[in-house]
Amino acid sequence: MYDFALPKTPAYDALIRAAQDRILILDGAMGTMIQTLNMTEEDFTAGGHIHGPGCRHHHSDHPQKGNNDLLVLTQPKAVEDIQLEFALAGADILETNTFSSTTIAQADYGLEDAVHDLNVAGAQVARQAATRAEAKDGRKRYVAGAVGPTNRTASISPDVNDPGFRAVSFDDLRVAYGQQIDGLIEGGSDLILIETIFDTLNAKAAIFAAFESFAKVGLRLPVMISGTITDASGRTLSGQTPTAFWHSVRHARPFTVGLNCALGADAMRPHLSELAGVADTFICAYPNAGLPNAFGQYDETPDQTAALVEVFAREGLINVAGGCCGTTPDHIRAIAEHVASYAPRQAKEKAVA
């Protein structure tokens, strides 16, 4: 089903060597930074002129404010500057601004036809930020094509009166993810990051789609897989423990497996420790800056977040560290500084071959 004999990209082995040598740094929250720009509907749509690499896209009467992924087409310089800030703060891996760039998620905005252009442009914008950062300090950055969970779940019914109903099928997800990943690869992504997984069946569809895309181009990119624990039960929304989650995705031989979002670093630690205890690949963690307050804001300071992430490093749990909701370039800079003196977790080579 998955062709592990495909030749690996040059970045693949370079990333493995880097993760064995030191704790790599992932960037922080794009949404948090976009919110500080106070953009209007006019900013999001560029006055209604939404142009992709090949064509103009029509969004009918759907409001676009809040469709952050669209900014790679309408405000690419703003997105690139944010990614550059994260890179110069210490990030080795820059995520594309494509978390919701599937036909399933973009249906809310009437922009299903823009998905290919969103992903190609998203990767290109991140690549430009990586190139600018390397020109400034000579350090290589990698672009991670960000693949979000979509706003539907394949394992759980959205209708309490019809538990057998599903709003999306595995094949629906596979096709949507395939369109996204094709665009991310075309745009120049170095790796694919399947993130914020609340339903492992969704993730399996994304993994399947990724390997279909790899077969099309004849190259295998590293895959990062990151789940999210939704509450104090220590389980994903679809009911899996970290151990069960790992055993459900290990067949993909991911470059990293880990956790992000939902919880702050303090609450994430026991679940991350469980995952690190069973996974035979590299571990990635990028928690929120604590839990949101009553106004939906994140109060944890950069030093507070970094001190908690440092515990992961001190306990030998991680190979990659970064930030999710609420984390700014200052958070990423502090995390990079706090983990710099620690050796990375040693993983068995077979899992990332």
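The structure presented is a predicted model; accordingly, all values stated were derived computationally and were not measured.
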Note to self: Can you confirm whether the side chains of T96 and N119 place a donor and an acceptor under 3.5 Å from each other?
What the structure shows: no

Shortest non-hydrogen pair, G145 vs S189, comes out as CA-OG, 3.6 Å

Q. Between E41 and P63, is any pair of side-chain heavy atoms under 4.5 Å apart?
A. yes

Worksheet item: Cut-off 3.5 Å, side chains only: do Q240 and H247 have a donor facing an acceptor?
Response: no

**Message:** Is there a side-chain contact between H62 and L111 in this structure, where contact means two heavy atoms from C-beta onward sitting under 4.5 Å apart?
**Reply:** no

Here the gap from L317 atom CG to I23 atom CD1, rounded to the nearest 0.5 Å, amounts to 9.5 Å

- Message: Within the structure provided, determine whether K216 and I185 are in side-chain contact (heavy-atom separation under 4.5 Å).
- Response: no

Tell me if a side-chain donor or acceptor on D27 pairs with a main-chain N or O of A91 at a distance below 3.5 Å.
no

* Asked: Less than 4.5 Å apart, any side-chain heavy atom of M30 and any of F99?
  -> no

Problem set entry | Main-chain N/O of F198 paired with S238 side-chain donor or acceptor, under 3.5 Å | yes

Are the side chains of P329 and M33 in contact, using a 4.5 Å heavy-atom criterion?
yes

Notebook entry, point to check: Has the side chain of R152 got a donor or acceptor atom that lies under 3.5 Å from a matching backbone atom of V168?
Noted result: no

Subject >> Steps toward side-chain contact (heavy atoms from CB on, under 4.5 Å) verdict (F214, V223) >> reply: CA-CA 11 Å; F214 299 163; V223 175; 3.8 Å; yes

In short, F86 meets T327 closest at the heavy-atom pair CZ-O, 3.8 Å

- Query: With a 6.0 Å cut-off on ring centres, are F255 and Y12 close enough?
  - Reply: no

request  = For the pair H251 (side chain) and S248 (backbone), establish whether a donor and an acceptor sit closer than 3.5 Å, ignoring hydrogens and angles.
outcome  = yes

Rounded to the nearest 0.5 Å, the CG atom of L259 sits from the SG atom of C324 at a distance of 11.0 Å

* To do: Any chance you could lay out the side-chain contact (heavy atoms from CB on, under 4.5 Å) test for E274 and T243, step after step, and finish with the verdict?
  => CA-CA 7 Å; E274 178 183 341; T243 298; 2.7 Å; yes

In this structure, SG of C284 is separated from CG of N260 (nearest 0.5 Å) by 8.0 Å

Single-linkage hydrophobic cluster, 4.5 Å side-chain cutoff, F208 and Y177 together
yes

* To do: Please test F282 against R345 for side-chain contact (heavy atoms from CB on, under 4.5 Å), starting from the C-alpha separation and ending with a verdict.
  => CA-CA 7 Å; F282 297 128; R345 173 182 177 274; 5.6 Å; no

Going by atom types alone, do D69 and S101 pair a side-chain donor with an acceptor below 3.5 Å? yes

Shared hydrophobic cluster for I194 and F4 (ILVMFWY, side-chain gaps under 4.5 Å)
yes

On a heavy-atom basis, the closest approach of T32 and A29 is OG1-CB, 3.4 Å

#### Entry: S155 side chain to D199 side chain, donor-acceptor N/O pair below 3.5 angstrom
yes

Does any N or O in the side chain of T40 come within less than 3.5 Å of the main-chain N or O of D43, such that one atom is a donor and the other an acceptor?
yes

Subject >> Polar side-chain atom of S157 near backbone of F165 as donor-acceptor pair, under 3.5 Å >> reply: yes

| query | Are L173 and Y2 grouped together when hydrophobic residues (ILVMFWY) are joined by side-chain heavy atoms under 4.5 angstrom apart? | reply | yes

Can I16 be reached from L26 by stepping across I, L, V, M, F, W or Y side chains whose heavy atoms are under 4.5 Å apart? yes

- If we ignore angles and hydrogens, is there a donor and acceptor under 3.5 Å between the side chains of Q64 and T45? no

Between S213 and G178, the two heavy atoms sitting closest are OG-O, 3.8 Å

Closest heavy-atom pair, M39 versus A78, reported as atoms and distance to 0.1 Å, is CE-CB, 3.8 Å

| message | With a 4.5 Å cut-off on side-chain heavy-atom distances among I, L, V, M, F, W and Y, is there a chain of contacts connecting F245 to L201? | response | yes

Short side-chain to backbone donor-acceptor contact, S100 and A105, under 3.5 Å:
no

From the list V339, D92, N319, side-chain contact (heavy atoms from CB on, under 4.5 Å) with R22 holds only for D92

Any chance you could lay out the side-chain contact (heavy atoms from CB on, under 4.5 Å) test for V147 and I192, step after step, and finish with the verdict? CA-CA 7 Å; V147 176; I192 300 299; 3.9 Å; yes

Would you tell me whether T301 and D303 have side-chain atoms, one donor and one acceptor, within less than 3.5 Å of each other? no

Checklist entry - What do you reckon, is CG of D81 surrounded by more than 12 foreign heavy atoms closer than 6.0 Å? => result yes

**Asked** So, do I283 and V257 sit near enough that their side-chain heavy atoms are less than 4.5 Å apart?
**Response** yes

Using only atom types and a distance under 3.5 Å, with no angle test, would you say the side chain of S273 pairs donor to acceptor with the backbone of R269?
no

Say whether, by atom type as modelled, one donor and one acceptor occur between the side chain of H271 and the main chain of M268 under 3.5 angstrom.
no

Trace of the side-chain hydrogen bond (donor to acceptor under 3.5 Å, both in side chains) decision for D231 with S233:
CA-CA 5 Å; D231 56 39; S233 71; 2.4 Å; yes

When you compare the side chain of D190 with that of T9, does any pair of heavy atoms fall below 4.5 Å? no

| said: Can you confirm whether more than 12 heavy atoms, excluding those of K136, are under 6.0 Å from its NZ atom? | reply: no

Query raised in the report: Is there a donor-acceptor contact under 3.5 Å from the side chain of Q180 to the main chain of A146?
Result: yes

Notebook entry, point to check: Are N288 and C261 close enough that some pair of their side-chain heavy atoms sits under 4.5 Å apart?
Noted result: yes

Rounding to 0.5 Å, atoms CD (Q75) and CG (N68) come to a distance of 12.0 Å

Interatomic distance, CG@L193 vs OG1@T256, rounded to 0.5 Å, equals 7.0 Å

Shortest non-hydrogen pair, R166 vs I156, comes out as NE-N, 3.7 Å

Here the gap from Q106 atom CD to Q179 atom CD, rounded to the nearest 0.5 Å, amounts to 12.0 Å

